[in-house]
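A short worksheet on the structure shown next.
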Amino acid sequence: MPTVKECTVNFWWDNEASVWIATSKDVYGLVLEHESFDVLLNRVRLAIPELLSFESQFDGDISLDYAVSRKDKLALNG
């Protein structure tokens, strides 16, 4: 039976840099950023198998759980 590696990827919006950032405690070395969330998500999907291959001889399936956070500040005039 194939092994399944469970990974949580955290995405958050950096207002100052105007980019999405992706990191994971489950995948050593995963730190990516991009202006577009969709582009970043695709980059994450490509990077994780490669990073895990450096970490060990892992060759099973990977289950990804995404946690997304973005905070906005709205000014109400009135």
Side-chain angles (χ1 to χ4, degrees):
M1 178 174 233
T3 304
V4 177
K5 170 88 171 165
E6 302 279 338
C7 301
T8 298
V9 181
N10 300 296
F11 293 88
W12 72 92
W13 178 252
D14 182 329
N15 280 323
E16 290 184 26
S18 295
V19 294
W20 284 98
I21 300 171
T23 62
S24 177
K25 292 181 181 177
D26 302 314
V27 183
Y28 180 77
L30 180 67
V31 180
L32 296 171
E33 65 180 46
H34 201 276
E35 301 87 17
S36 164
F37 181 83
D38 291 333
V39 170
L40 182 57
L41 182 60
N42 287 331
R43 290 180 62 201
V44 164
R45 289 178 177 153
L46 292 171
I48 286 178
E50 185 174 344
L51 289 168
L52 289 176
S53 73
F54 293 132
E55 186 177 303
S56 65
Q57 297 299 319
F58 180 77
D59 64 354
D61 294 334
I62 304 166
S63 175
L64 299 177
D65 182 32
Y66 302 118
V68 181
S69 176
R70 179 171 179 165
K71 294 181 182 181
D72 288 322
K73 182 177 182 181
L74 304 176
L76 300 178
N77 295 325

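Computed from heavy atoms alone, side chains included, the values below leave out hydrogens, waters and symmetry copies.
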Distance from [X] atom [atom1] to [Y] atom [atom2], nearest 0.5 Å?
{"X": "Tyr66", "Y": "Asn10", "atom1": "OH", "atom2": "CG", "result": "12.0 Å"}
{"X": "Arg70", "Y": "Asp14", "atom1": "CZ", "atom2": "CG", "result": "10.5 Å"}
{"X": "Ile62", "Y": "Ile48", "atom1": "CD1", "atom2": "CD1", "result": "7.0 Å"}

Please tell me whether [X] and [Y] are part of a single hydrophobic cluster in this structure, the criterion being side-chain heavy atoms less than 4.5 Å apart.
{"X": "Val39", "Y": "Val44", "value": "no"}
{"X": "Val27", "Y": "Ile21", "value": "no"}
{"X": "Phe11", "Y": "Leu64", "value": "yes"}

State which residues pass salt bridge (Lys or Arg N to Asp or Glu O under 4.0 Å) with Arg45; sequence neighbours excluded, sorted by chain then number.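 Partners of Arg45 under the salt bridge (Lys or Arg N to Asp or Glu O under 4.0 Å) test: none.
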
Minimum-distance pair of heavy atoms, taken over all atoms of [X] and [Y]:
{"X": "Glu33", "Y": "Arg43", "answer": "O-NH1, 2.8 Å"}
{"X": "Glu6", "Y": "Ser63", "answer": "OE1-OG, 3.4 Å"}
{"X": "Ala47", "Y": "Leu32", "answer": "CB-CD1, 4.0 Å"}
{"X": "Lys5", "Y": "Leu52", "answer": "CE-CD2, 3.8 Å"}

Tell me, which pairs form a side-chain hydrogen bond (donor to acceptor under 3.5 Å, both in side chains) where one or both residues lie in residues 19-32, sequence neighbours left out?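 Sorted pair list comes back empty.
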
So, using side chain to side chain donor-acceptor pair (under 3.5 Å) as the criterion, who are the partners of Trp13 when residues are at least two apart?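 Applying side chain to side chain donor-acceptor pair (under 3.5 Å) to Trp13 gives Asn15.
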
